[in-house]
Structures are given as structure tokens and as C-alpha cells.
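In what follows, a single structure is set out as C-alpha cells and then discussed.
Here is how names work: the chains are called A, B, and so on, in the same order as the sequence lines, proteins then strands, and each is numbered from 1.
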2 protein chains.
Amino acid sequence: MNAILDHINTRRDDSINQLKQFLAIPSISALPEHADDVRRCAEWCRAEMARIGLDKVQLFETPGHPIVYGEWLGAPGAPTLLFYGHYDVQPVDPLDLWETPPFEASVREGAIYARGAADDKGQIFMHLKAIEAHLAAGGRLPLNVKVLLEGEEEVGSANLDEFVAAHKDLLAADVVVISDSAMFDRDVPSICYGLRGLAYFQIDLRGSSTDLHSGSYGGAVANPAMVLAQLLAQMKDKSGRIKIPGFYDAVVDLTPEERAEYARLPFNEKRWAKEIGVPKPAGESGYSTLERKWARPTFEVNGLLAGFTGSGAKTVIPAVAMAKVSMRLVPNQDPETIGQQFEAYLKKIAPKSVSLTVTHMHGGRPWTTGFDNVWVQAAARAIEQGFGRKPVFVREGGSIPVVSTFQEVLGLPSVLFGIGLPGENAHAPNEWLDLGNFHNGVLASAYLYEELAAVKP
Amino acid sequence: MNAILDHINTRRDDSINQLKQFLAIPSISALPEHADDVRRCAEWCRAEMARIGLDKVQLFETPGHPIVYGEWLGAPGAPTLLFYGHYDVQPVDPLDLWETPPFEASVREGAIYARGAADDKGQIFMHLKAIEAHLAAGGRLPLNVKVLLEGEEEVGSANLDEFVAAHKDLLAADVVVISDSAMFDRDVPSICYGLRGLAYFQIDLRGSSTDLHSGSYGGAVANPAMVLAQLLAQMKDKSGRIKIPGFYDAVVDLTPEERAEYARLPFNEKRWAKEIGVPKPAGESGYSTLERKWARPTFEVNGLLAGFTGSGAKTVIPAVAMAKVSMRLVPNQDPETIGQQFEAYLKKIAPKSVSLTVTHMHGGRPWTTGFDNVWVQAAARAIEQGFGRKPVFVREGGSIPVVSTFQEVLGLPSVLFGIGLPGENAHAPNEWLDLGNFHNGVLASAYLYEELAAVKP
């Protein structure tokens, strides 16, 4: 390992200069006028992957932007790692808020500023540098590696699922590593081992055939906007617990170890509340803020619309009322089962004086590896070696669809190991990546391959 | 009385031909291009009022359309009746749905079709014909009469309140008669003796400074759209009773006589529900549909708006949520008191995790004479003589602002005696007035003056 670490340490500045080239390509996947730039960026990745010694490096065409693939399979009998990243970036508007041009990377106070620095080019490049160091210093990697780089992550990964399903053999592996997220905080490296799922619905109520005059009819007919409020209010009890029968049946409770781990995290709740402008946190009784947003299911109203919403007053009983609602799901809740339970409950509690329609919009499964997972523990050891600190184990309240794809299509666990930082402006002007984190991340990645190679799954 | 009745009966056809002239003037107050027609109509009223023998007939200019006034004060010691009507009419769009032109009155199957036939020219003319019959046949009226015709009722009576307040002496009287409403049903003449009031509010809730991602924050912050639903749901209990403390304190309960009167009315609830397209009636337990819409206070949600309301799904926790709500009030509820009670209750039940703003939009007092009121009973005897049937006593669930003006500014009770019919298309194409009702209404109005003259208030 020493030769590998030397290789990384002595080439630190070169790596940053190379990264600047990668960041100079405006590979904005959302804008058709940048389609050639996206392709140029894919070609840049292909060339770089070939240069460092990966085999079978190639572009796969899709109906959208190309996918870049390369592999090194010189470790028969050892595990195979599938690394996933994306080389496309977000748009840069509003351009005038950038302190330096988004595609001319600028180093200031130990950070590199450019679109894509954190999300996700910097983190892809971190792995390419670690792979390069292994191959250059030792002529080999301790495990088999497959690199899969997508060009459409920022526009919904429309073509990825189909590609993965069509290339199951090509992508066969033992574990996925994704570096496309932020650490819990500066100097707090972290591994994300759980994501919430989603079940999203629209509720439509109809009372009368047209809006009614609230004087002539008020009090004698159901008001769908009021009924909607009554139905929504019946979704939670006073402690914030969701009242849909069966809703918690499949929920895997937090373990004492997980709760202790979260409680140890340096989380400043007051600062967090102030940053988003809420008077105070709120949620299910008996759980901390981190537990609520990472590991407990939710019921949220995402939208409401009924009757008169302009300025002034209109004395109308709305004919219809609509709500968009969604539930974040935790392991092992199933979006389809939850959808059936929700609709059955709504139908049971809705009065006969209105007609009810429930539309199932979309769903996604929750995901977790558990933090005692062998791959996750291997990654933790690597991070400790790279950063000089043990990582913390966190979850994320939202979803990362590609994680579900790898789980469901390839049957693979994912290790989510990101080196961004809170406030990195991933989708905003002045995106940046801490260069200390980048360097430690290259070291940690180099250790990661060693640690993963030693896993006996 | 016989000479008066003869005068009316023998001139029945002439009256209808004269009414056609009145209906031929397109006095659409809402449309600036008809301003001259509105004035021409006011002049027509002035000429007609002078022709039948009223004194001091004149136009009063306002910032909008003129007010027409005339009086006959030849009965010293007798009560004074103030008759109110409006000579302006609604617009006629969509014109292509009219079977005959809106300003060329057409008689078909016992009804006269034209804009303004029922609302309110036909009903004004009914009184002018009854006054004319008295003055022509007997040279006098049994009581003093003041006629006040407005030209802006269909655009909100913007200048009436100020005119009434500035002419208290001119308009001093003992009772107001208004004929600008419909009978309960065909062959069911009616007197309206009660109106509901109104208190209208906007509720604004704010959770966070901007919309939040429901994955990253869901479960850990209050959702203002959900809180709004919970607050609204706490406004009523399961029996439909409003939970605002003190809300019912001033409510005058329905008397057994009133409930018996309503129960006798030929009200087809199923047909009513079908006409407005509601699956079934709904409302406060223990009250009939007519009781609910006429004599019980309400809490209605008039509008709801929060978060994402477009098509598809957006996983957002709304930063803000808004509701428009209003309460119909019954005697003797006071809109200001109700507003204070409502705001106090909302502030008490709103969680500290959101900020709450309550805006008091507007209010109006409920009104009733009671149906044992002497003027109302006198009108009932007149209607029985004119129509050959006792009238029923009804209320109206909405408000008629001019009734409040007369009550509050002049201290006068109003008798609401209308001869329109349900389905008369007052604000729609093919407005019509039943000519049998019109003729009986002229007779009833002639009797009305006799009966009111005999009242000792």
C-alpha cells in the first residue's frame, strides 16, 4: 500500500490540474444546446479510463446521452466492485451569481469552485485517481472493478434502468459503490446506509356538480374542502403517529445501536431549524429530529386546491377539492401495500355525501443495508484510514433511484460513500469541493479496494 | 276596494303592454356602453311615477347611475311605506341562448320572457300598477307611500348606503317593502322573514422560509398544509356542530312554530339534491335541510391553496398554506364577536411549529322580523287576498345587503314579498315572470296597502 499512497501523495497537484480539465467541459444534460459537450465529456472519461489502464472502455449509446463503461477484471476469485457515477452536471443559472466562471475551475481557500466539482465529477475523479494509483504503483487492483458513468443523472436517469436490465452480465458484481453525496459535516466522514421510499397519491373529492352559493346552500350540503380537511386530519393522531391501519406493520424499528449512533452525531438542531426558517422542529413523539427524517415513515400533504383562492372574498362552496399527499416509507414498507391500505382507509372514513377518487401516482421502495453489513463495515475501515477518523453512519430521508435499480435489477447492495460537504451548492451557483476531502477521499478509495477485496460475503 | 280591483282586472292586458315598454330598455348597469340606457330607464320610471300621481318625482344623481324617488303623503296619521326596487338589469350573455330577444318581451304559455321580467322590473311595475289603481279609482291611498328605485343593484349598490344615510328624513317611514325575490314554489306564495349574516376570513400559515424537500425534511418539521387541515377539522364535531367556544351563545333557536311551518312546506329534498348534483344532503344533526340552510349558522371552507397543485407529483413540503373560510350567521349572532371568538380559538389550537395570520375580510349581520311581526302578518293577509292562498313563511340562507341598510341606517323593518318563481332565470338567458303571479301580485299589493294602513305598530 505504501507505493500506492506515495503515488497519490506525490501527484496531488497534478490531480487537481487534471480535474480542472474534467470540470471545464460544460456537460449540462438538461440543455439540448450542450448535447455535444455532454458527448465530449463522455469521450474525455473514456480516454481517461483507458489511460489509467481499464479495459473494454467504451461508450454505450442510449436514446439520450451516452453511458461510459470500463473494467479491470484481473483478480479472479476476488470480489467485483461496480462503481457508479455521473459525468453530467446541472445548469448554471443564474450565471451572474457565480464568483468565478462555472466552467473555469478556481481554487480558493482549499476548495475548488466549478459546476460539477462536488456533484459528481470530483467524486468520480477521486475513484479514477485511486484506481490509477493501484494500477500504476502495483500493476494490479486487489479486486475486480467495473466503472459505469451515466450522462443523464441530472435529468432523471431516464435510460439507465433499461441499460442495466439489458446488461446484467456485463454489470454483474458483488457490491456497488456510489460517491455522489455529502458527508454529515466537515471532519465528519460518513456512510449512508439507508434511504426512504415513497408512495405518492392524489385525492379528489366532488360534492356538487358546480360551485354552490354558500348562502343558499351552506349548512345543507357537504363541503368537499372541509371534508378533505377532515380526512387529512384523520391521517395522524395527536402524537404524530399515522392512523392508516396496518401502516406500521412492516416497519423495522430503529435498533438501540442506531439510536445511540444518531444521538452521538454533532447535530445542531437550533441551527438547522433556523437555516430553513421553521419556528421549531415538529414530528412524531418519541423520536429525535434525525430519527424522524431518516428512519421514520411520514404522511405529508404536498398540495391543496379548492374553491376560491384569489384575493378578496367569494362566498362559494367548492364543487371539488384536491390534495396531493405522499408518504416516505422506511424498511420494510412496500409502496403497493401502503397504497392499498391508504385507499381502503380513505374509503372507509369518507362520508357518502361526497364522491372520492384516489389516484396512485408513483412509488419507490425504501432501502437499507444495515450498518453492520460487511461491505459497509469494510468501507468504514477504508474511510478511517483515508480520513484519520471513523466515519459516522447516517441515513438519507429521500430516495436515490439508482440504488433501488441496482438492488432490484442486479440484486446488489450499495455502499454510499460521499465526500461533499453541507452547503456545497451542488445545484446552485458557486458549487465547490473541499480539496482536503478530495485528497483524503482518493486515499480512502485506495484503501476501500483493499478492504472490499478482503470481504468474504 | 271593489273599484280598485275592477280597475286592476279590466286593465290587465294594458298593464302587460306597458310592462313591455319598461322591459324594452336595456338598462344593464354593469356595462358602460349601456349607461345612457340606464338613465333612459330612470327617466321612464320618473315619467311613469309622475303619470300615476306620485309627487316630488325626481332623479337623484350619484357617482354611478341615478336613483329615482317619488312619494304620495296624503294620509296624515297613517303609516308610511317605503317601497324599494331596482330598475337596472343583469347583462344578457350568452345572447344566443335566448329564445326571443332579451329586450323584446315575448309572452308564451302564460309567462313574459325578457331580461328584467322577474328581477326586478316586473315586480316594481306590480307595485306601480297597484298604486295607480288606488289613486285612479279612489283618488287616494290608505297610507303614505315613498318609492325608491335604484339603478345599481346588479353591480353591488355601491352608492345606495351613502344616499340612504344622507336622506334619512326624506326616507323616514314605518316599514319597507321589497319585491325582488321568488316564491317558495308555484302556487306557494311566500314571505321571507329572515336572512343570514356573514363573517369571512382568510387563514395563512407559514412553516418554513421556502418549500422544503419532503425527503430531506419530511417528518421533522410541521407541514402547514397538514396543520391547516387539522385546524379546519377542529372547527366542527362529528355531529356538524361548530366547536368555536361561544359560537352559539347568541343564536336564537328556531321556535316550534317555525319548525312546524318549515316541515309543512312542499320541499322535495331528493329533487333538490339531484338538481345541484350532490349524492345526498348533509349537515348539522337534528335539523332538516330547510332549517340548516335558513336558520342555522355554518362554517364553510371557501378556498384552499398550498404547495404543488399542477399535474403530476412534486415531493414538496409547502412553506405556506392558505384557507378562505366563512360563517353564515343567524339572529342574533354578531359578526365582530364571532370574529374575535374564531381568532381566539384558532390561536389556541394552532401549534407553535407554524406561524398563523388571521385576516378579517368582511361581515354582515343576520336579519329577521319574526313571522309574528305585525307588518309581516299584514302582508300575509294581503297575499292571501291576492293569491287566494295563505303565504308560507320562509327564510333565505344568504344576505340582502339593502335590508341591513334599512334596518341599521333607518331603523326600519322590511317585508320581503316576491312573486318570482324558482327557475325564473333571473341572471340567466330566458328570464321570465309568470303573468298569473304578476296579476295576483298587483291585487295583493293593492290589498297590502290597505292591510299595512290598518297596522298599529
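- With a 4.5 angstrom heavy-atom cutoff, B:Val354 touches chain A only via backbone atoms.
- In terms of non-hydrogen atom pairs under 4.5 Å with chain B, the most contact-rich of A:Asp211, A:Thr289, A:Thr309, A:Leu290 is A:Thr309.
- With respect to chain A, the highest number of heavy-atom pairs below 4.5 Å among B:Pro351, B:Pro281, B:Ser326, B:Pro318 belongs to B:Pro318.
- For the pair A:Arg328 (side chain) and B:Gly219 (backbone), a donor-acceptor distance under 3.5 Å is absent.
- Interface check for chain B: of the options A:Lys314, A:Glu396, A:Gln230, the most heavy-atom pairs under 4.5 Å are formed by A:Lys314.
- Atom NZ of B:Lys243 is surrounded by more than 12 heavy atoms from other residues, nucleotides or ligands within 6.0 Å.
- In this structure a side-chain-to-backbone donor-acceptor pair under 3.5 Å is present from A:Ser209 to B:Ile276.
- B:Phe308 touches chain A through backbone and side chain together, each having a heavy atom under 4.5 Å away.
- In this structure B:Ala350 satisfies the side-chain contact (heavy atoms from CB on, under 4.5 Å) test together with B:Leu231, B:Leu356, sequence neighbours excluded.
- Distance alone, capped at 3.5 Å, places no donor-acceptor pair between the B:Lys293 side chain and the A:Val221 backbone.
- Contacts with chain B were tallied for A:Gly283, A:Pro297, A:Gly312; A:Gly312 has the most, counting heavy-atom pairs under 4.5 Å.
- At a 4.5 Å heavy-atom cutoff, the contact between A:Leu212 and chain B is made by side-chain atoms alone.
- Without hydrogens or angle criteria, B:Glu300 side chain to A:Val316 main chain gives no donor-acceptor distance under 3.5 Å.
- Here the shortest heavy-atom pairing between A:Gly310 and B:Lys324 reads O-NZ, 2.6 Å.
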